[in-house]
Engineer: 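Structure below; questions to follow.
Naming: A, B, ... by sequence-line order, numbering from 1 per chain.
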Amino acid sequence: MGVCSVSTVVKSIDDYRAIVGDERVDEIYRLAEPFRGARVLHINGTAFGGGVAELLATLVPLMQNLGLNAEWQVMRGTDEFFTVTKAMHNSLQGATIQWTPEKYDIWLQYNQMNADLFDQDFDFVIVHDPQPAGILQFLSQRNGGQCRGKWIWRCHLDLTEAQPEVWAFLHRYVEIYHAAIFTLEDFVPEDLNGPEIFIVPPAIDPLSPKNIDLLPGTVSEILARYRIDTQRPILSQISRFDQWKDPLGVIDGYRLVKKEMPEVQLIMVASMAHDDPEGWACFERTLRRAGEDFDIHFLTNLNGVGNIEVNAFQRASTVVVQKSLREGFGLAVAEALWKGKPVVAGGVGGIPLQIQYGRNGYLVITLAEFANRVLHLLHHPKTAERMGKAGKEYIRQNFLITRHLRDYLKIFNQLSDSACGGK
Amino acid sequence: MRDRRGEMKKREIHESAESFIGDLAEFPLKVTPQVIKQNLLNMREMGGEQFGLTKGAETAALAQIPIQPASVEDYRNIVGDKETQQLEKLAKPLNGLRLLQLSSTAFSPRVTDAIGVASALMNYLGLQCSWQVIRPVEEFNQVNRLMYRALEGYPVQWHKAIGDTWLKYNDMYARFFRQKYDIVIVHDHAGLAILSAMTNYNRGKRHLGKWIWSCHRELSIAPPDIWSLLYPHIRYYDAAIFDKESQVRGELKSIYTGVITPAIDPLNPRNAELSRKSIEGVLFQRGIDLGRPIISQVYPLDKAADPLGVIEIYHLVKERIPQVQLILVAPPRSDDMDTRDYFRQLAHQAASDNDLHLLSTPEEVGNVEINAIQQASQVVVQRSVGNGFGLTVADAMWSSRPVVGGRAGGMPLLIIDDETGFLVDDNHQAAERITYLLANPQIANKMGRKARQHIRQSFLITRYVRDYLKLFQFMLSMRE
């Protein structure tokens, strides 16, 4: 066994017929047919927490269900590695760090170590984000420049404001991939010329515990358990705690709303990830900003808040907010829209793709705009409801996992046809 | 110097990649002379200037956690007037007492109950509680985890650097500690040495207030390395409190030792009753059949907890009751590579059996789901708890479930054998008891009712608060 396999539950593509319709599901079957038995590997940095892990937990079993020999492995690493990759992650999204030899040595060492553990052949290897991106380089060195299968770098980050020296470093390692997938056209760096470029926005799984339908009774029961008052309006933001999700801004915006509508409550749910040491510091600062306003409810997976709870909190919300200053794609927005909630969000990353201004939510820049739009929706429940319905339909058409799966199959198809190397 | 160390590390990694992976705990620690300064710089770099992380905030190494208000009145219906009146009586002479709870984390359901809810109830009763946590700094966390593992009985290659780093950070915390409390409770080992360091700063002068060390680990079996590190610092305390008698170590005679058993909060989302409809809805989406018997086990996935043992038990039960299902909730401890490998073995077994439901991250299983699973189970199993107490069993008992538990950890305290469930010594015996309970639902239900009664009497948070109030009175009556 190579790095570290993650086992997933069994899923069936036919379960999605009732949600997306027969036509879409049949198309997926057709596209998958040529890849029955194809060995597909996904590698990422963590099996626990975060959008990528969540995505793979659905995508991999669905590929298996379609007859692909799909597998998910998590790279090996320790805190020192994840501390470096977190800094790297931030710098690739616009923060400035000291990119020292110490840091990149650690990144290289762990990538080499993981490459050394790599002992199988695959037809397609999809490497997610920068953490394991160096494995291919070390592997092809070992094999005298040769590497079996098609290697795809799946970048979930927005690289437009990447710190130049960090990107220049990473560039060397991703340039040799056969293909690279980005979330948005805007995220593709101009100097990435080696790999074939594809654009695939991510998607949500309507059958996961986070998104599956809950009975209204269950929702209010769960809210009561967390001592949240369902009789009063609820705002919520579900996100990791980091500076780009602007948790302090959310609290400030909520305070403006509360001035006019004192009964409003705020739920902030953070999925705290192990590879995110910075998240802890940010969480603490947010707690301090909230002070002793106990209408602000802080909840995390580490306090036992699971996906069923997150699902219930979104369904109980009057308005969902996502006040991000920078986003990869912002899947939390799709989740909220899928639950029929209007969303007020920062217009960054993939959020403008999901929110059609005035139809299913609002894109805002300033704190005043944020508060105004939230208040508008709180004051006009009919508008909020209409927007919620439009939002759900929009997600059904564009951002469910079935569309994502279809995109991957199309890419496999295209790469198999292309001339360079291959099966 | 740095380069040579880097070289060495690289070589070691490549020479023994497998063994390195096998035990993270043996990874050589990085210790530099300016370790604290460097880490604070790292924190600033990673945290971003944007939040105005000022110099003052940086050095305030202990962070204040707000305590959500709670009311003793909310518990009156559950525990009865007598208990709440007793709490009020005990708290009266402690009115205005300034209490600090100091822990290394604010995030785990148990910590939230034991510190957050207990402090909130004490506040309601007129005390002035604060809660501070040690600000997470990666290097200190790393040392902390190694120490936890050593205390849990895992082999840890001891390294002088572990103790040195631990002391350095405690020293730093002590510098910034503002003493203004009548009583300080330090939980576990992370901040244990703050007291000794402070005393040293004051040139040995006696600090103000009473200090209590609350230890949740099996100290009696602590390996010599870690024991000799901790012991000199424990001696500075006025009292040391343990979860159960067996944890107390003989050498501790020089200070007062006591036992306060842990407890559950009946109002926690993990324990509050759910409607049948909600339970059905939650379990249905997991593909669990409520029409057939369910046995379940919930615990952190950990080698010490023998996760494969429960699968053997399930197979034995299934031989006689083929329709039985097992739900195994095993959230892996993500900081621990061992458990990931264990999870792999488990998942392998679960993959081929539709009646074996293995629930875990990444679809995080939260309080509500665990609650629903326990309430839907005919019998709850706890094969082993390692050295932990096993409070998840108390959750299940509070849901009126009979529990079949291995004779270990807190099981003998929680389970009254043959009354609230069964204590067992091996997998065959466990399977036999479970089969018996599944075949005799009336007996199972009767035991379940007794189980709830037992928890109400001895393992609810109000009893825990009561024990602490008594301890505070005793501490204050001690001579300076």
Engineer: What residue, out of B:Leu267, B:Asn271, B:Asn371, B:Val368, has the most heavy-atom pairs lying under 4.5 Å from chain A?
Structural biologist: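 Looking at each of B:Leu267, B:Asn271, B:Asn371, B:Val368 in turn, B:Val368 comes out on top.
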Engineer: Which atom pair, heavy atoms only, marks the closest approach of A:Phe294 to B:Ile67?
Structural biologist: CZ-O, 3.2 Å
Engineer: Please round to the nearest 0.5 Å and tell me the distance separating atom CD1 of B:Ile370 and atom CD1 of A:Ile308.
Structural biologist: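 Output value for this atom pair is 12.0 Å.
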Engineer: Counting N and O atoms only, with roles assigned by atom type, does the side chain of A:Glu221 sit under 3.5 Å from a partner on the main chain of B:Ser275, one being a donor and the other an acceptor?
Structural biologist: yes
Engineer: Calculate, to the nearest 0.5 Å, the distance between atoms OH and CG belonging to A:Tyr226 and B:Asn268 respectively.
Structural biologist: 7.0 Å
Engineer: Which atom names give the shortest non-hydrogen contact between A:Arg227 and B:Ala70, and what distance separates them?
Structural biologist: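 Distance-wise, the nearest heavy atoms are NH1-CB, 4.3 Å.
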Engineer: What's the separation between atom CG in B:Asn367 and atom CZ in A:Arg225, rounded to the nearest 0.5 Å?
Structural biologist: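 If I round to the nearest 0.5 Å, the distance is 11.5 Å.
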Engineer: For side-chain contact (heavy atoms from CB on, under 4.5 Å), just list the numbers for A:Ile212 and B:Phe284, CA-CA rounded to whole Å, side-chain angles, deciding distance to a tenth of an Å, and then say yes or no.
Structural biologist: CA-CA 11 Å; A:Ile212 201 161; B:Phe284 176 75; over 6 Å; no
Engineer: Taking B:Ser278 as the fixed residue, which of A:Val219, A:Leu214, A:Thr218 is the one that meets the side chain to side chain contact (heavy atoms under 4.5 Å, CB included) rule?
Structural biologist: A:Thr218
Engineer: Heavy-atom pairs under 4.5 Å with chain A - which of B:Gly281, B:Pro269, B:Pro69 has more of them than the others?
Structural biologist: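 Going by pairs under 4.5 Å, I would pick B:Pro269.
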